[in-house]
Student: 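One structure coming up, written as structure tokens, with questions to follow.
First listed ligand is number 1; within each ligand, the first listed atom is number 1. Starting from 1, each residue takes its place in the sequence as its number.
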Amino acid sequence: MNRIDAPKGVKEYLPPESATFLAVRDALSAPAIAAGYGYVELPTFEHTELFVRGVGESTDVVSKEMYTFDDRGGRSMSLRPEGTAGVMRAVIEHGLDRGALPIKLWYAGPFFRGESPQLGRYRQFFQVGVEAIGVDDPALDAEVITIGDDGFRSLGLTDFTLEITSLGDAKCRPVYRQKLIAFLDTLDLDEATRARAQVNPLRVLDDKRTEVRRQLAGAPLMVDHLCAECADHFAAVRAYLDALRVHYTLNPHLVRGLDYYTKTTFEFVHHGLGSQSGIGGGGRYDGLMGELGGQALSGIGFGLGIDRTVLACHAEGRVVGVAPRVSVFFVPLGDAARVESIATMGKLRRAGVHADLAYGTIGLKGAMKAADRSGATYAVVIGDRDLQAGVAQVKDLMSGEQSAVALTDLVATLKEKFL
Ligand code: HAM
């Protein structure tokens, strides 16, 4: 029979690396939990329309990368390429916006984008995200950014930069956009770039080609064209970040791949990851709720890439998350001893001691090898003769020392060693 492999470009985590994955996921979410964010578990597929309206039809994410299919009822569905649109949909659908504001939510899970795979860029990848909805307070922007920064730092990561900028709002951005289009019109650009300049001129600012970069040197920048309200907002965000001692770099060229952003936007860029260096990013999206049929509430959030953060930990030599090992390994020799071992192991596990047993018929030698491989501190060997004597042989697998312990005392003795 042919072997069936996983689809191209999906990332999987197996032991022992999966321990790092879990530790990274938990470390990135801990600061959100500590700041009062509540967990949401949302569907991995939604009506395609949600992403078309929410993320933006002209974005690469929606126009080129979505996994879209008709469900059995002929409705167009898409695997979620990101989390914000789904959170907004849930907030509106369940009326969370009629309760106390801000609504603070976090999530973690898989997301799907049909990009060309490479190290750090996958078709199924994982994010931890937060969204804070309903209060347009620059202190909330600073809170969200700090949660991201704290998450990375709690993993011991230091070789990254937090880049921030402001993209303005519905008042000042259209004015700036026209100015930028007029500027781009004067440049010597190829046809495709010219077309892009008409649809999304801001994205041209992100062009990586040197001949384009050179011409962009004198381009007007959004940060220099913010209206008074947006400029004040951005200044306040920076002041709060300073107060929180969160270091950032102003990057007026910062362009995000999703259309909903307004005002504060940011990205965490790691310096040890090559081209897929964005380990997290986010920003404000003040028009999004209204766009999705809800009240006109503001919002800010981020998505942190778990996969890239795992790579960043490797790049910085941070050992994060150790695969859990059992403490006690049972080696029963004979059928009656096996029943006794299984019963004792059950009691130990329920008491909170991690324990495993030599399954199958592998003999004493094989079973002791399995005990060593398990990383357990103690092996508990029970033979039929031990059983008759009412004892078990408890062997310290490091020192090799062995002692007989009465079966009646076994659970209490082992519990004492570990709890
Ligand atoms: P995003 O920048 O598209 O933002 O994704 C966030 C993070 O997910 C990226 O910084 C990166 O670490 C990771 N990521 C994205 N695509 C891939 C991929 N193909 N393979 C591996 N990792 C990837 C968002 O998704 C927004 N929803 C964030 C947000 C929340 N903004 C406001 N609220």
Student: Using non-hydrogen atoms of the residue, decide whether Gly120 is closer than 4.0 angstrom to ligand 1.
Tutor: yes

Student: Counting non-hydrogen protein atoms only, what is the nearest one to atom 3 (O) of ligand 1? Give residue, atom name and distance.
Tutor: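 Its nearest protein heavy-atom neighbour is Arg113 NH2, 2.9 Å.
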
Student: Classify the contact between Arg121 and ligand 1 as side chain, backbone, both or neither, using a heavy-atom distance cut-off of under 4.0 Å.
Tutor: both

Student: Is the contact between Leu258 and ligand 1 made by the side chain, the backbone, both, or neither, using heavy atoms and a 4.0 Å cut-off?
Tutor: side chain

Student: Please tell me if the side chains of Leu28 and Phe152 come closer than 4.5 Å, counting only heavy atoms from C-beta onward.
Tutor: yes

Student: Pick, from Gly282, Gly305, Gly280, the option with the minimum heavy-atom distance to atom 10 (O) of ligand 1.
Tutor: Gly280

Student: Report, in ascending order of atom number, the atoms of ligand 1 lying under 4.0 Å from any heavy atom of Ile279.
Tutor: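 This gives 10 (O), 12 (O) as the contact atoms.
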
Student: Check the side chains of Tyr37 and Glu143 for a donor-acceptor pair under 3.5 angstrom, ignoring hydrogens and angles.
Tutor: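 Checked: Glu143/Tyr37 side chains pair up, N/O donor to acceptor below 3.5 Å.
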
Student: What protein heavy atom lies closest to atom 19 (N) of ligand 1? Include the residue and the distance to one decimal.
Tutor: Glu115 OE2, 2.6 Å

Student: Any non-hydrogen side-chain atom of Leu50 less than 4.5 Å from a side-chain atom of Phe45?
Tutor: no

Student: Which option wins on minimum heavy-atom distance to atom 5 (O) of ligand 1: Gln127, Glu82, Glu267?
Tutor: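 Looking at heavy atoms only, the winner is Gln127.
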
Student: Backbone or side chain, does any N or O of Tyr107 fall under 3.5 Å from an N or O of ligand 1?
Tutor: no

Student: Okay, side chain of Lys11, backbone of Asp307: is any donor-acceptor separation there less than 3.5 Å?
Tutor: no

Student: Counting neighbours of CD on Glu191 that are heavy atoms of other residues, nucleotides or ligands and sit closer than 6.0 Å, is the number greater than 12?
Tutor: no

Student: Under 4.0 Å from a heavy atom of Tyr285: give me the atoms of ligand 1 that qualify, with their elements.
Tutor: 32 (C), 33 (N)

Student: Are Val128 and Thr309 packed together at the side-chain level, in the sense that at least one heavy-atom pair is separated by less than 4.5 angstrom?
Tutor: no

Student: Please report the shortest heavy-atom distance between Ile279 and Ala312, naming the atom on each side.
Tutor: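 Answer, listing the atom of Ile279 first, then Ala312: CG2-CB, 4.5 Å.
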
Student: Is ligand 1 under 4.0 Å from a heavy atom in the side chain of Glu131, in the backbone, in both, or in neither?
Tutor: side chain

Student: State, without any angle test, whether Thr68 and Ser78 hold a side-chain donor-acceptor pair at a distance under 3.5 Å.
Tutor: yes

Student: Counting heavy atoms only, name the option from Pro117, Gly303, Gly9 that's nearest to atom 6 (C) of ligand 1.
Tutor: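 Shortest heavy-atom distance from atom 6 (C) of ligand 1: Gly303.
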
Student: Could you tell me if Tyr260 and Thr84 have a donor-acceptor pair between their side chains, going purely by distance under 3.5 Å?
Tutor: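 Judged by distance alone, the side chains do pair up.
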
Student: Please answer whether the main-chain N or O of Thr264 pairs with a side-chain N or O of Arg284 as donor and acceptor at a distance below 3.5 Å.
Tutor: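 Side chain of Arg284 to backbone of Thr264, a donor-acceptor pair under 3.5 Å: no, none is there.
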
Student: Any nitrogen or oxygen of Phe125, main chain or side chain, under 3.5 Å from a nitrogen or oxygen of ligand 1?
Tutor: no

Student: Give a yes or no on whether Arg325 atom CZ has more than 12 heavy-atom contacts from other residues, nucleotides or ligands under 6.0 Å away.
Tutor: no

Student: Do the ring planes of Phe111 and Phe125 sit parallel (below 30°), tilted (30 to 60°) or perpendicular (above 60°)?
Tutor: tilted

Student: Under 4.0 angstrom from ligand 1, any heavy atom of Tyr260?
Tutor: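 It does, in that a heavy atom of Tyr260 comes within the 4.0 Å cut-off of ligand 1.
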
Student: Donor-acceptor pair, Glu316 side chain versus Asp159 backbone, under 3.5 Å?
Tutor: yes

Student: Is the closest heavy atom of Gly257 to ligand 1 under 4.0 Å?
Tutor: no

Student: For atom 31 (N) of ligand 1, which candidate among Phe111, Tyr261, Phe302, Phe266 provides the closest heavy atom?
Tutor: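 When every heavy atom of Phe111, Tyr261, Phe302, Phe266 is considered, Tyr261 comes closest to atom 31 (N) of ligand 1.
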
Student: What protein heavy atom lies closest to atom 4 (O) of ligand 1? Include the residue and the distance to one decimal.
Tutor: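 That would be Arg256 NH2, 3.0 Å.
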
Student: For atom 11 (C) of ligand 1, what's the nearest protein heavy atom and its distance?
Tutor: Gly278 O, 3.3 Å

Student: Taking heavy atoms and a distance under 4.0 Å, where does Arg123 meet ligand 1: side chain, backbone, both or neither?
Tutor: neither

Student: Which residue holds the protein heavy atom closest to atom 30 (C) of ligand 1, what is that atom called, and what is the gap in Å?
Tutor: Thr84 OG1, 3.0 Å

Student: I need the nearest protein heavy-atom contact for atom 20 (N) of ligand 1: residue, atom name and distance, please.
Tutor: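 Ranked first by proximity to atom 20 (N) of ligand 1 is Tyr122 N, 2.9 Å.
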
